[in-house]
Amino acid sequence: MTTRLAVLGSVLAVALPLLATAPASAAPGSCGRPSGCTAFELVHAGASYNWYPVKHRYEFKGGRTEPREWRLTGPGRLYQQNGMLTLVGRKGRSADVMTTWKGVSYTKGRWETRLRTARESRGATDYRVQVALVPAAKKKRHCGARDIVMLDYTPKKSHTAKFAVRNLPNVQFVYDKELSRKVGSDEWHVFGVEVTPKHVKWFVDARLVATEKRPAALSGVPLTMQARLVAEPGARMNKTRLQMDWARYWTMKKKGAKATGGAKPDQKTYAGAC
């Protein structure tokens, strides 16, 4: 009994200070609900920087149905599974597979999603796993030349998350971040971006990682979230799965906690503009 009490005392000695310093985002009413944020939700920028109340939130459901709010494009599958939006790129010869959030397009604001991805076959070419803000109007997309890339990942670089913002005619600003955990292999991560007329900021697992302020990077067009599996033209592809636990959008009306710093992306040429 004495040993058990000693162990309990040691646990409390560690736990109580942590509870006393719990972030404000754990308080009732945070994360847009009376009960406050869950343990998982505390590790995202919306909670850490106090962006709430949320304007749009999509919490995916069970079943195998395709949600009406998300549009599928390409030769793949889209369905809801165990509370996750599941996008699947097929094995063999294929093309890009993507899903776009309908009815949530803005020129500025904050977007964030919690996701995981995994390769389900081997021996062929890997899809590139990407999440981006794209112009809501297809005629303004110019083959990705106005995207704000929240994540660009390939299993060949298992710990590297790439970010970018692009603008016409062919400029892009890019940054690579090495994560301590793998990006894929079913590891959960939260990717977010804040867009204003003066800057773009990227967040990973509640931390600001990069900030771009150069005027040439900012297009000012209405944007919406898109998740995609990008195939290599003519190649045989490994079956790949991308699952989103939730997706959210906040306006810029609430200042929240100020996010400062972040690496400065490198300016490069984007060759894919059309």
Side-chain angles (χ1 to χ4, degrees), residues 44-46 49 51 56 96 98-101 104-115 128-154 157 160-179 183 189-230 242 244 247-252 256 258-274:
H44 79 282
Y49 292 96
W51 293 344
H56 298 283
D96 297 352
M98 61 194 73
T99 181
T100 307
W101 199 357
V104 184
S105 61
Y106 297 91
T107 58
K108 62 182 180 180
R110 296 141 170 162
W111 289 260
E112 196 170 29
T113 182
R114 182 173 184 257
L115 61 82
R128 296 196 71 88
V129 179
Q130 297 181 344
V131 178
L133 301 184
V134 304
K138 291 183 179 180
K139 64 182 180 181
K140 294 186 178 181
R141 293 178 186 174
H142 297 279
C143 303
R146 280 180 161 174
D147 287 4
I148 298 177
V149 180
M150 300 168 63
L151 169 66
D152 184 358
Y153 157 76
T154 177
K157 295 185 177 181
T160 304
K162 295 177 176 289
F163 313 101
V165 55
R166 305 174 185 141
N167 203 1
L168 296 174
N170 61 353
V171 65
Q172 65 175 339
F173 301 85
V174 299
Y175 177 67
D176 295 357
K177 175 68 175 179
E178 294 297 314
L179 305 187
V183 180
H189 290 283
V190 185
F191 297 94
V193 67
E194 178 181 276
V195 182
T196 77
K198 295 184 178 181
H199 70 248
V200 178
K201 295 184 178 183
W202 290 266
F203 301 83
V204 180
D205 297 332
R207 296 179 180 273
L208 175 65
V209 296
T211 300
E212 179 53 63
K213 298 181 179 180
R214 285 165 282 193
L218 308 171
S219 68
V221 299
L223 302 165
T224 190
M225 187 185 293
Q226 181 181 89
R228 57 203 185 209
L229 301 172
V230 180
L242 170 61
M244 300 169 69
R248 294 172 188 167
Y249 168 80
W250 298 259
T251 70
M252 294 298 299
K258 190 173 182 180
T260 59
K264 183 178 180 180
D266 296 323
Q267 183 173 344
K268 297 185 177 181
T269 299
Y270 178 63
C274 63

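The first residue of the sequence shown is numbered 1, and numbering continues consecutively from there.
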If you round to the nearest 0.5 Å, how far is [atom2] of [Y] from [atom1] of [X]?
X    : Y    : atom1 : atom2 : answer
N170 : C274 : CG    : SG    : 12.5 Å
E212 : L218 : CD    : CG    : 7.5 Å
E194 : M252 : CD    : CE    : 4.0 Å
K177 : K162 : NZ    : NZ    : 14.0 Å
L229 : D96  : CG    : CG    : 9.0 Å
T269 : R166 : OG1   : CZ    : 12.5 Å

Any donor-acceptor pair under 3.5 Å linking the side chain of [X] with the backbone of [Y]?
X    : Y    : value
E112 : R114 : no
Q130 : V230 : no
K201 : A259 : yes
T154 : K157 : no
R110 : G46  : no

The single option from R228, R141, K140 passing salt bridge (charged side-chain N to carboxylate O under 4.0 Å, His left out) against D147: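 Running salt bridge (charged side-chain N to carboxylate O under 4.0 Å, His left out) over R228, R141, K140 with D147 returns exactly one hit, R228.
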Can you establish whether the number of heavy atoms outside R207 located under 6.0 Å from its atom CZ is more than 12?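 Atom CZ in R207 is not packed in, count stays at 12 or less.
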Flag the pair [X] / [Y] as yes when at least one side-chain heavy-atom distance between them is below 4.5 Å, and no otherwise.
X    : Y    : result
S105 : L223 : no
L151 : L115 : yes
T99  : Q226 : no
V149 : F163 : no
M225 : V104 : no

By the definition ring pair (Phe, Tyr, Trp, His ring centres under 6.0 Å), identify the one residue from W101, W202, W51, Y249 that meets it with W111.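 Single ring pair (Phe, Tyr, Trp, His ring centres under 6.0 Å) partner of W111 among W101, W202, W51, Y249: Y249.
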What is the ring orientation for H56 with Y106, classed by angle as parallel under 30°, tilted 30 to 60°, or perpendicular over 60°?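 Because their plane-to-plane angle lies in the 30° to 60° range, the rings of H56 and Y106 count as tilted.
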Might you point out which heavy atoms bring [X] and [Y] nearest each other, and give the distance in Å?
X    : Y    : answer
A164 : V174 : CB-CG1, 3.8 Å
G262 : L208 : N-CD2, 4.0 Å
M150 : G192 : CE-CA, 3.9 Å
A161 : L179 : CB-CD1, 4.3 Å
A263 : Y175 : CB-CE1, 3.4 Å
S219 : N167 : CB-OD1, 3.5 Å

Begin with the C-alpha distance, continue with both residues' side-chain angles, and end with the deciding distance and a verdict on side chain to side chain contact (heavy atoms under 4.5 Å, CB included) for Q172 and V165. CA-CA 6 Å; Q172 65 175 339; V165 55; over 6 Å; no
Donor-acceptor pair between Y153 and H189 side chains, under 3.5 angstrom: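 No, because no side-chain N or O of Y153 sits under 3.5 Å from a partner of the opposite role on H189.
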Residue pair V204, V190: steps toward the side chain to side chain contact (heavy atoms under 4.5 Å, CB included) verdict: CA-CA 6 Å; V204 180; V190 185; over 6 Å; no
For a side-chain contact (heavy atoms from CB on, under 4.5 Å) with V200, tell me which candidate from T211, I148, L133 qualifies.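 By the side-chain contact (heavy atoms from CB on, under 4.5 Å) criterion, V200 pairs with just one of T211, I148, L133: I148.
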